[in-house]
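Model, not experiment: these values are computed from the prediction.
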Amino acid sequence: FLPQYPSPMEKHVTAVETVEERTDASTGIIYRRRIATCQNVIPEMLRKVTTWRDLASVLKVPDIYLEEESWLNMQKRNMSMKTHCLTWTQYASLSEESVFRESQENPDWTDFTQKGRISVTGAGLLNCVLEAFAQSFLKQGVKKVSHLLLK
């Protein structure tokens with residue numbers, strides 16, 4: 001299930017465009033590549049504290065863009081997703097990998113695993129502050145997905 005955006009559950013996602021979709025004839029796996037437009041969630045305070053002109057102008061953008069790739073296998077009842085940030089690539093690397101699969105315990109349950117990576121460079125003393133903020137924001141996303149799976 002891939003929700004439509006904008007959505008009240010993800011208020012920061014303002015649009016999602018599918019740029020590629022194909023089905024592998026031999027396996028039935030559906031591949032999708034989508035670009036999400038999200039509101040810049042970096043607090044205004046962090047945007048103003050930055051003294052490096054290049055970084056300050058990059059942080060002040062109104063939107064950020066994420067690329068999401070997904071592979072849906074209806075036969076095996078699983079879906080894997082990889083997402084990475086297309087904005088701020090000269091300063092930060094943000095990515096996550098998620099897998100949804102049928103539970104071994106109960107076929108009506110979903111096992112969900114997620115891995116995320118955050119690395120900020122080129123921001124001087126703000127590297128660790130920006131990494132901590134990104135980590136906190138990604139953890140909120142995990143809680144939302146976990147909550148949805150429990151319904």
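Residues forming a side-chain contact (heavy atoms from CB on, under 4.5 Å) with Gln104 (at least two apart in sequence, or on another chain): none. Applying the side-chain contact (heavy atoms from CB on, under 4.5 Å) test to Asp108 and every residue at least two apart in sequence or in another chain returns Asn106. Partners of Glu67 by side-chain hydrogen bond (donor to acceptor under 3.5 Å, both in side chains), not counting sequence neighbours, listed by chain and number: Arg33, His84.
Closest non-hydrogen pair, Tyr65 versus Thr87, comes out as N-OG1, 2.8 Å. Residues Ala36 and Val16 come closest through the heavy atom pair CB-CG2, 4.0 Å. Contact between Leu66 and Cys38 at its shortest, heavy atoms only, is CD1-SG, 3.8 Å. In plain terms, the two heavy atoms of Gln39 and Ile64 that are nearest each other are O-CG1, 4.3 Å.
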### Message
Working note: Arg34 + Glu68, criterion salt bridge (charged side-chain N to carboxylate O under 4.0 Å, His left out); need CA distance, chi angles, decisive distance, verdict.
### Response
CA-CA 5 Å; Arg34 307 185 320 161; Glu68 171 193 273; 2.8 Å; yes
### Message
Evaluate Gln114 against Glu96 for side-chain contact (heavy atoms from CB on, under 4.5 Å), listing each step before the verdict.
### Response
CA-CA 7 Å; Gln114 186 173 50; Glu96 68 180 27; 3.4 Å; yes
### Query
Under the side-chain contact (heavy atoms from CB on, under 4.5 Å) criterion, do Ser70 and Tyr31 qualify, and how do the steps go?
CA-CA 6 Å; Ser70 65; Tyr31 169 79; over 6 Å; no
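Atom OG1 of residue Thr110 and atom CE of residue Met79 lie 10.0 Å apart, to the nearest 0.5 angstrom. Rounding to the nearest 0.5 angstrom, the gap separating the OG atom in Ser80 from the CD atom in Glu97 is 9.0 Å. Distance check: Arg32 CZ to Glu21 CD gives 4.0 Å after rounding to the nearest 0.5 Å.
In terms of modelled atom types and a separation under 3.5 Å, the side chain of Thr27 and the main chain of Ile29 share a donor-acceptor contact. Judged by distance alone, with hydrogens and angles left aside, the side-chain atoms of Thr18 form no donor-acceptor pair with the main-chain N or O of Glu20 at under 3.5 Å. Distance alone, capped at 3.5 Å, is enough to place a donor-acceptor pair between the Thr14 side chain and the Thr37 backbone.
Under the 4.5 Å side-chain heavy-atom criterion for ILVMFWY residues, a single connected hydrophobic cluster contains both Met74 and Phe112.
Side-chain contact between Arg77 and Gln75 is absent, with no heavy-atom pair separated by less than 4.5 Å. Looking only at side-chain heavy atoms (C-beta outward), Met81 and Phe100 come within less than 4.5 Å of each other.
Using a 4.0 Å cut-off between charged side-chain N and carboxylate O, Glu69 and Lys82 make no salt bridge.
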